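For clarity, every value in this text was computed on a predicted model and none was experimentally measured. Convention: sequence-line order gives letters A, B, ...; per-chain numbering from 1.
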Amino acid sequence: MSKNKVREYNAVEVEKKWRKKWAEDKLHEVDIEGTPEEDKFYNLTMFPYPSGSNLHMGHWLNYGGVDTFGRYMRLTGKTVFQPMGFDSFGLPAENYAIKTGVHPEDSISTNVATMKKQISEMGGMWDWSKQVITSSPEYYKWTQWLFLKMLEEGLAYQAESLVNWDPVDQTVLANEQVLADGTAERSGAVVEKKLMKQWYFKITDFAEDLLDFSGTDWPEKTRKMQENWIGKSEGTEIVFDLLSEDSGYTEKTGESLVAFSTRADTLYGATYMVVAPEHPMVDELLADDYREQCEKYIKAALMKNEIERSAEGKEKTGVFTGSYAENPINGKPVPIWVADYVIGSYGTGAIMAVPAHDKRDYEFAKKYKLDIIEVIDGDKGEEEIFTGYGIAKNSGEFDGEISEKVKEGITAKLEAIGKGSAKTTYRLRDWSVSRQRYWGAPIPVVYCDDCGVVPVPVSDLPVELPRDVDYQPKGKAPLATSEEFVNCKCPSCGGNAKRETDTLDTFVCSSWYYLRYPNANDDTQAIDKALAKKWAPIDMYIGGSEHATMHLLYVRFVNMVMQKLGYVDHKEPTLRLFHQGLITKDGAKMSKSKGNVVNPDEYVEKHGSDILKMYLMFMGPFADGGDWSDTGITGVLRFRDKFWKMLLSPEVSELYKEVEKKLHKVIDSITTDMENLQFNTCLSALMEFTNLASKKGLTRDAKEKIVTLISPLAPHMAEEIWMDVLEHEESLFAAGKVWPEANPEMLVDDVVTLGVQVNGKLRGEVELGVDEARESALEKSREVVAGSLEGKDVVKEIYVPGKIINFVVK
RNA sequence: GCUCGGAUGGCGGAAUUGGUAGACGCGCAGGACUUAAAAUCCUGUUCACCUAGUGAGUGUGGGUUCGAUUCCCACUCCGAGUACCA
């Protein structure tokens with residue numbers, strides 16, 4: 001029948017042949033306009049940053065898994081759109097340029113070319129005809145358009161905020177560029193904080209929408225992380241009136257300090273207040289005798305970032321301001337402190353401290369000998385203080401009531417006397433999108449003396465990033481050094497104006513790219529409504545979990561805005577989300593600086609990409625990644641050869657019953673595992689089948705089924721078998737819905753072997769029918785473990801059909 | 001610090017809703033084939049011991065249950081994120 005003798009499998013040659021053929025046939029190019037909506041499957045991976053180094057094992061794991069899943073969906077009959085692009089703006093290219101003098105445009109275009117070549121050699125079904133490169137004017141033109149939309153919608157605004165300032169390099173630093181000791185990575189200078197006017201996106205307007213994940217299939221952990229990041233808490237804003245020093249703290253100054261608390265029920269126990277070092281009222285709180293000491297403390301505190309301020313083992317520090325405020329519930333004066341454990345951006349930046357019922361306040365109060373008054377009765381257990389809900393005491397009229405009631409009562413009372421109100425706050429902050437850097441999309445606004453802030457009209461986009469700009473750090477944004485760029489005419493009045501010189505955060509570029517892919521080459525509009533509505537939401541989005549809170553929150557936010565504007569129908573950008581794991585080397589993240597980067601190319605050259613991909617998929621769960629070691633690659637090679645030989649052996653006319661049953665069980669388990677992206681167990685199942693069937697022979701039908709099952713994992717080999725051995729006319733991946741279905745009758749066994757336990761310990765095995773009746777099952781089991789039952793009283797007999805028998809004896 | 005994960009043989013890992021722990025693979029040991037080796041094939045392989053068996057065992061200590069890798073409590077270690085790396 002077959003013209004093929006059993007021949008050796010030459011992976012490298014075979015793979016090259018099929019990649020060439022697939023490219024010629026444009027097999028992976030999707031008919032974006034013509035595909036019916038019910039057939040579409042948008043299979044997306046988070047696009048890579050084109051860094052200097054080659055593709056690493058992490059990329060391989062990531063894209064290997066994406067492609068395996070995509071091919072599986074393809075074989076179930078879906079039209080799979082699997083585009084690829086590059087997130088090419090950003091800090092690393094700029095830093096590289098500063099260091100080496102190579103222009104980011106040049107290094108990026110080299111890197112993109114290299115990575116594209118390497119990704120192509122993996123043999124994935126990437127649709128390169130819809131590529132996006134975020135640093136290209138054709139793309140960032142529309143990123144600027146997105147900014148203008150935000151502005152139009154009132155979702156972009158300017159405000160001052162603190163940034164890391166390097167006084168030597170005269171430049172803003174990313175948190176990453178600030179070392180743990182507070183000095184700058186590059187210059188070594190002690191980093192300062194500087195107030196700067198920045199553009200923000202009002203993501204906080206969408207806090208409630210972002211908390212609603214209905215309709216999505218996301219990992220529980222990612223949802224939790226986002227929920228905590230958004231950090232909704234319902235509490236009370238409480239007004240503490242300031243007391244004047246001159247009066248001996250008996251009279252009010254007329255000013256007040258507002259604190260946010262989720263535990264208004266503990267207000268009677270509030271014995272002091274703490275304001276964040278960056279609190280806007282700090283300066284007026286400083287009494288003369290305390291000013292010098294406080295200012296020193298505040299300056300030091302502002303140099304640290306949030307993580308350092310609350311770092312491990314760090315003792316809480318603070319200073320007394322010399323001011324007092326009145327506790328509104330009992331009229332008692334409380335001292336006001338400044339401490340860096342209070343963060344300015346959360347709540348109101350000021351807290352009422354209840355040391356008897358809050359751990360941090362307790363530590364602080366003990367250290368500085370502040371009053372500690374218990375106002376709740378509760379079981380402390382082994383702790384020094386009680387932090388839960390209990391029964392109120394020392395709380396005036398609220399004594400004896402439960403905390404929840406007290407909270408409501410006190411809030412109501414505060415409302416009645418005008419000293420507070422119920423309030424919901426969120427930890428989520430607005431998204432700062434301004435960067436004082438060169439390598440980003442220029443923010444498309446101009447500043448006109450007469451008209452103020454004027455958006456650049458869409459027809460004038462892109463505001464092009466000039467190539468010849470001095471991007472060396474020197475005290476102002478790189479774009480500000482270019483007179484040619486800065487000076488322009490006001491689009492509104494035609495008078496002299498100056499351009500905004502900040503660029504956009506690269507997260508803005510990546511917040512909408514999935515809506516651009518379907519019409520990536522369309523120069524007339526950012527998003528094609530009809531196409532976006534058809535292809536969005538993303539059916540499967542795969543990327544690292546390091547993006548759980550930022551990128552994945554920004555994408556959701558932007559999608560919500562786009563929905564509001566009618567560009568998409570769905571609130572959520574992606575239905576299903578999956579995080580691949582991390583590949584490490586000797587337990588550490590692979591990086592050039594550590595010198596532990598393993599180059600995938602050498603494995604591809606030696607064994608072919610199918611082998612490397614299968615090995616990465618087999619190494620462990622796709623969601624876990626793992627530590628790289630090539631010791632196990634032998635097993636995958638052996639399996640591949642065995643599989644190849646099995647498929648090339650002569651066909652048999654009928655399958656052995658055992659093999660047939662196994663085939664259907666394998667179809668069943670692989671289908672489930674593919675759906676769940678558990679590729680390691682897909683391979684285990686294929687190995688088991690091969691071990692069994694290679695001795696017995698396969699029918700043509702079985703060969704077609706098993707080749708289809710392996711094809712998402714080893715597409716080149718599968719295609720070679722499909723076309724060259726099984727002599728099909730058309731590619732397996734163009735064959736439509738060919739994924740096999742298991743025959744349910746083949747999945748059930750009539751006999752099962754069950755463990756027989758005595759007191760929960762395995763003492764024997766028994767063969768039973770699947771639905772063996774209780775009495776006969778127990779009867780047979782008793783015989784098996786007769787020895788262990790001898791002389792004992794059986795007090796209970798447990799029989800769970802198909803699972804277990806357990807005798808409880810005394 | 002805070003938030004979220006993870007920990008199973010010598011190694012990578014497997015185990016629907018609690019039901020025979022260690023599938024599959026690597027490695028190792030023994031055997032077949034070979035003048036020999038490689039490759040391939042077969043057998044064995046959680047550990048301990050007084051080895052026809054018995055006991056222990058899924059990071060540690062407790063708990064719930066007839067039964068826990070799985071559920072609960074406390075802890076240890078490792079990883080990710082922590083808002084200007086992406």
For this session: Under the side chain to side chain donor-acceptor pair (under 3.5 Å) rule, what do Thr204(A) and Asp430(A) come out as? Steps first, then yes or no, please.
Result: CA-CA 6 Å; Thr204(A) 51; Asp430(A) 276 337; 2.7 Å; yes
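- Using P as the reference atom, A29(B) and U20(B) are 33 Å apart when rounded to the nearest Å.
- Contact of Glu797(A) with C66(B) (side chain to base): no donor-acceptor pair of N or O atoms is detected under 3.5 Å.
- We find that CZ of Phe679(A) is positioned 24 Å from P of A23(B), with the value rounded to whole Å.
- Residue contacts shown for Gln226(A) are absent, as no nucleic acid heavy atom lies under 4.0 Å away.
- Between the CE atom of Met550(A) and the P atom of A83(B) there is a distance of 7 Å, given to the nearest Å.
- If you check every strand for non-hydrogen atoms under 4.0 Å, Asn806(A) touches a base.
- Using a 4.0 Å heavy-atom cutoff across all strands shown, Lys695(A) reaches sugar-phosphate atoms only and no base atom.
- Below the 3.5 angstrom threshold, one finds a donor paired with an acceptor across the side chain of Lys803(A) and the base of U17(B).
- Taking atom NZ on Lys796(A) and atom P on C66(B), their separation rounds to 5 Å, with Å as the unit.
- At whole-Å resolution of the value, CZ in Arg638(A) and P in C24(B) are 15 Å apart.
- Using a cutoff of 4.0 Å between basic side-chain nitrogens and carboxylate oxygens, Lys780(A) and Glu772(A) are scored as salt-bridged.
- Rounding to whole angstrom units, CZ of residue Phe89(A) and C1' of A86(B) are separated by 14 Å.
- Distance His551(A) NE2 to C84(B) P: 15 Å, rounded to the nearest Å.
- Taking the O4'-C1'-N9-C4 or O4'-C1'-N1-C2 dihedral as appropriate, G10(B) has a value more than 90° from 0 and is therefore anti.
- Of the possible polar contacts, none joining the Ser135(A) side chain to the Phe89(A) backbone as a donor-acceptor pair under 3.5 Å is found.
- Ranking A83(B), A14(B), C84(B) by closeness to the Thr681(A) side chain, first place goes to A14(B).
- Contact annotation for Trp229(A): base contact, defined as any heavy-atom pair under 4.0 Å involving a base atom.
- Phe639(A) comes within 4.0 angstrom of nothing in the nucleic acid, heavy atoms only.
- A distance of about 16 Å separates the C1' atoms of U58(B) and C71(B), rounded to the whole Å.
- Checking Leu91(A), Thr503(A), Asp502(A), Thr506(A) one by one against Arg435(A), the side-chain contact (heavy atoms from CB on, under 4.5 Å) holds for a single residue, Thr503(A).
- Judged by the 6.0 Å distance and 45° axis criteria, Arg556(A) is not positioned over the aromatic ring of Phe206(A).
- With rounding to whole Å, Gln580(A) atom CD is found 13 Å from A86(B) atom C1'.
- Under the 90° criterion around 0 for the glycosidic angle, U51(B) counts as syn.
- Here U3(B) presents its P atom at 21 Å from CD of Glu546(A), a figure rounded to the nearest Å.
- A residue-by-residue look at Gly625(A) and Leu754(A) shows that Gly625(A) has its nearest nucleotide of RNA chain B further toward the 5' end.
- The only member of Tyr157(A), Phe201(A), Trp199(A), Phe147(A) that meets ring-ring contact (aromatic ring centres under 6.0 Å, His included) when paired with Trp431(A) is Phe201(A).
- Thr672(A) comes within 4.0 angstrom of nothing in the nucleic acid, heavy atoms only.
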